[in-house]
Student: 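Dropping the structure in here first, questions after.
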Amino acid sequence: MSALAKNYKRKNLSFKKGKGCYLFSTNGKKYLDFVQGIAVNSLGHANKKLNKAIQDQSNKVWHVSNAFKIPESEKLAKRLVKRTFADAVIFQNSGAEATETAIKAARRYFYFIGKPSKTTIICIKNSFHGRTIAAINASGSKKMTLGFGPKVPGFQHFEFGDHKKLKSLINKNTAAIMIETIMGEGGIKVIPNWCIKAIRKICDQKGILLILDEVQCGIGRSGKFFAFEYAKVKPDIVPIAKGIGGGFPLGAVLMKKKISKAMVPGTHGSTFGGNPLAMAVGNAVLDQINSKLLKNVNKMSKYFISQLNIIKTKYPKVIKEVRGVGLLIGLQLYDDQTKFIMKLMENKLLTIRAAENVIRLLPPLNVNKSEINLALKIINKVCKELK
Ligand SMILES: *Cc1c(COP(=O)(O)O)cnc(C)c1O
């Protein structure tokens, strides 16, 4: 009997080590890992440079309080600011904390400029922003909020694509629109560029903030550093997490200067957020998210998606759609995907589900063609078996 609570439906499989794209199970089998901790291990397992960074830092200092200056966090913040729209960063430890902090920063900004009634955050129904009380209420998902007490006020929802409803929701109390640039858990639903542009325009016209949750699609996963770069817009606040830590728990919120100005001493804090160990890893991840790696993401993505579409044509009754951007790829089936995922696993390919019968394929960003070919071979085989 496990002493762990039962809040996960775990597969009967565990691992003793990993290397790059591969995981080696405790019962001696080798798996191609296209889950990568759910888009977390952006550079694969046991990345040499990340291992060295964490080893070197662990011999110096792991943790100091944010009551003191932390040079490693100054460095990572400066680098993130230099590469992006942002002027300032607050470090956290996870995606949910990052989205929570994004919500706090948006509200605090309006409080700071003398508009304290502007607190409402408008989100897409059935989106995903994490599992804290605020984040589940932001998601507007019945399943996630059920049994977790009274509805938290200050969140409103519109259906994906329903801009008419979105516009009708905005009033004098609105603070921000918060959306995932690509809806990950929601089934790899890519928000079209025109749509992101239109939402940016609405925010500008109404004087409200745009929060783009890039926890899953950010840090190179989309083929650009941030997925919103495709739409050529600049958001005001961006929570990140998953990919930036390469497997180490690390989250952050990037924001414009006018917002960071409102986050005066005492408004927010985190015991662990931005500690030297996490920051050393974050810096080492960022070292490797360079133009060469992004080029690989785009090249592999193009190849993977085109080959998956060929499989789709061969098995038109199994695969409904291949969708996604970069190496955030969804294979939407006509039927429930549980059995398909199990079959892939039996054939030594690890994948993970998302909503709308979608199987997520999330290789590390440094995946190569032969690894993708192996995945394609297994997917093809399972299609044939289940057609
Ligand atoms: C995973 C995810 C989160 C939550 O991250 P945690 O680290 O699990 O708290 C928030 N937003 C998006 C878009 C995510 O994919």
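Just so you know, ligand 1 is whichever comes first in the structure, and atom 1 is the first atom listed for that ligand. Keep in mind it's a predicted model, so treat the numbers as computed, not measured.
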Student: I'd like to know if Glu100 and Lys104 make a salt bridge, using a cut-off of under 4.0 Å between side-chain N and carboxylate O.
Tutor: no
Student: List for me each residue that meets side chain to side chain donor-acceptor pair (under 3.5 Å) alongside Asp336, sequence neighbours excluded, and say none if there are none.
Tutor: Thr338
Student: Which protein residues have a heavy atom under 4.0 Å from ligand 1?
Tutor: Ser94, Gly95, Ala96, Phe128, His129, Gly130, Glu180, Asp213, Val215, Gln216, Lys242
Student: Test of understanding: with salt bridge (charged side-chain N to carboxylate O under 4.0 Å, His left out), list the residues that count as partners of Asp287, not counting sequence neighbours.
Tutor: Arg79
Student: Quick one: does NZ or CZ of Lys165 land under 6.0 Å from the six-membered ring centre of Phe158, within 45 degrees of the ring axis?
Tutor: no
Student: Hydrophobic side-chain clustering at under 4.5 Å (ILVMFWY, transitive links): who's grouped with Ile38? Put none if nobody.
Tutor: Leu13, Phe15, Leu23, Tyr31, Val35, Ile182, Ile188, Val190, Tyr230, Val325, Leu328, Met342, Met345, Leu350, Ile352, Val358, Leu362
Student: Is it true that, when you exclude Tyr303 itself, more than 12 heavy atoms of the residues, nucleotides or ligands shown sit nearer than 6.0 Å to its OH?
Tutor: yes
